[in-house]
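These notes are about the structure you will find just below.
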Amino acid sequence: QVQLVESGGGLVQTGGSLRLSCAASGRTFTTFTMGWFRQAPGKEREFVAAIFWATNTYYADSVRGRFTISKDNAKNTVYLQMNNLKPEDTAVYYCAASRISSGTKIVGQYDYWGQGTQVTVSS
């Protein structure tokens with residue numbers, strides 16, 4: 001079993017920054033793809049970013065150039081640095097882990113999920 005706990009969400013103004021953290025515990029593996037997803041009210045959960053094979057990354061077009069995903073295996077923690085935030089970034093952000101080691105953007109291919117952390121960007 002794997003447990004994921006997100007933190008770092010909050011309220012920021014347009015153009016501001018936040019860093020989300022995801023602490024993993026339990027039966028974790030460095031071979032997992034780690035991802036971030038978000039879900040806005042009335043919307044489906046959507047892919048944001050993923051990291052795999054130590055340093056390979058995927059980003060949604062909507063966040064590329066603004067968000068950076070990284071991980072610290074020694075701390076069992078994955079991060080999402082969010083810069084130049086926009087109101088459309090407002091959502092609950094979820095950390096997730098997939099047993100697929102080669103990277104995936106597909107919600108259904110992630111096996112473990114955190115509880116989510118709210119990010120609100122005011123205009």
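No experiment lies behind these values; they were computed from the predicted model shown. Numbering starts at 1 and runs along the sequence shown. All values below were derived from every heavy atom in this structure, side-chain atoms included, with hydrogens, water molecules and symmetry-related copies excluded.
The shortest side-chain heavy-atom distance between F52 and S101 does not fall under the 4.5 Å cut-off. Contact annotation: the side chain of Q81 approaches that of S17 to within less than 4.5 Å [non-hydrogen atoms, C-beta and beyond]. The shortest side-chain heavy-atom distance between W113 and F37 falls under the 4.5 Å cut-off. Contact check for L80 versus F67: side-chain heavy atoms found under the 4.5 Å cut-off.
At distances below 3.5 Å, not a single donor-acceptor pair connects side-chain atoms of E44 with backbone N or O atoms of Q39. Between the side chain of T33 and the backbone N or O of I100, at least one donor-acceptor pair lies under 3.5 Å. Not one N or O on the side chain of T28 forms a donor-acceptor pair closer than 3.5 Å with the backbone of S25. Using a distance-only test at 3.5 Å, with no hydrogens or angles considered, a donor-acceptor pair links the side chain of R64 to the main chain of Y59. In terms of modelled atom types and a separation under 3.5 Å, the side chain of T117 and the main chain of S7 share no donor-acceptor contact. Using a distance-only test at 3.5 Å, with no hydrogens or angles considered, a donor-acceptor pair links the side chain of E6 to the main chain of G116.
Under 4.0 Å is where a charged nitrogen must lie from a carboxylate oxygen, and between K86 and D89 no such pair does.
Atom OG1 of residue T68 and atom CG of residue N83 lie 6.5 Å apart, to the nearest 0.5 angstrom. Atom OG of S21 and atom NZ of K75 lie 9.0 Å apart (nearest 0.5 Å). Once rounded to the nearest 0.5 Å, the distance linking CD of E88 with OG of S62 reads 8.5 Å. Between the CH2 atom in W53 and the OG atom in S102 there is a gap of 5.5 Å [rounded to 0.5 Å]. The CG atom of L4 sits 13.0 Å away from the OH atom of Y94 when rounded to the nearest 0.5 Å. Expressed to the nearest 0.5 Å, how far OG1 of T120 lies from CD of Q13 amounts to 13.0 Å.
Hydrophobic cluster membership of V5, counting Ile, Leu, Val, Met, Phe, Trp and Tyr whose side-chain heavy atoms lie under 4.5 Å apart directly or via other members: none, as it forms a cluster of its own.
The shortest non-hydrogen separation linking A50 to Y110 is CB-OH, 3.5 Å. The two residues V78 and C95 come nearest to each other via the heavy atoms CG1-SG, 3.6 Å.
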(request) Show your working on side chain to side chain contact (heavy atoms under 4.5 Å, CB included) between L18 and V119 and close with a plain yes or no. (result) CA-CA 9 Å; L18 283 173; V119 172; 3.9 Å; yes
(request) Starting from the C-alpha separation in whole Å, work towards a yes-or-no answer on side chain to side chain contact (heavy atoms under 4.5 Å, CB included) for F29 and R99. (result) CA-CA 8 Å; F29 295 90; R99 290 173 292 180; over 6 Å; no
(request) Evaluate the criterion side chain to side chain contact (heavy atoms under 4.5 Å, CB included) for residue pair T90 and Q118; output intermediate values, then yes/no. (result) CA-CA 8 Å; T90 295; Q118 178 70 48; 4.0 Å; yes
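A donor-acceptor pair shorter than 3.5 Å cannot be found between the side chains of N73 and T30. Q109 and T104 are linked by a side-chain donor-acceptor pair at a separation below 3.5 angstrom, with hydrogens and angles left out of the test. Side chain to side chain, Y93 and R38 meet the donor-acceptor criterion of an N or O pair below 3.5 Å.
No single ILVMFWY cluster, assembled from side-chain heavy atoms under 4.5 Å apart, contains both Y79 and V2. Under the 4.5 Å side-chain heavy-atom criterion for ILVMFWY residues, a single connected hydrophobic cluster contains both I51 and V48. In the hydrophobic cluster analysis, where Ile, Leu, Val, Met, Phe, Trp and Tyr join through side-chain heavy atoms closer than 4.5 angstrom, Y58 is grouped together with V107.
Here the options are L20, V121, V63, the test is side-chain contact (heavy atoms from CB on, under 4.5 Å), and the partner is M82; only L20 passes.
N84 pairs by the side chain to side chain contact (heavy atoms under 4.5 Å, CB included) definition with R66, not counting sequence neighbours.
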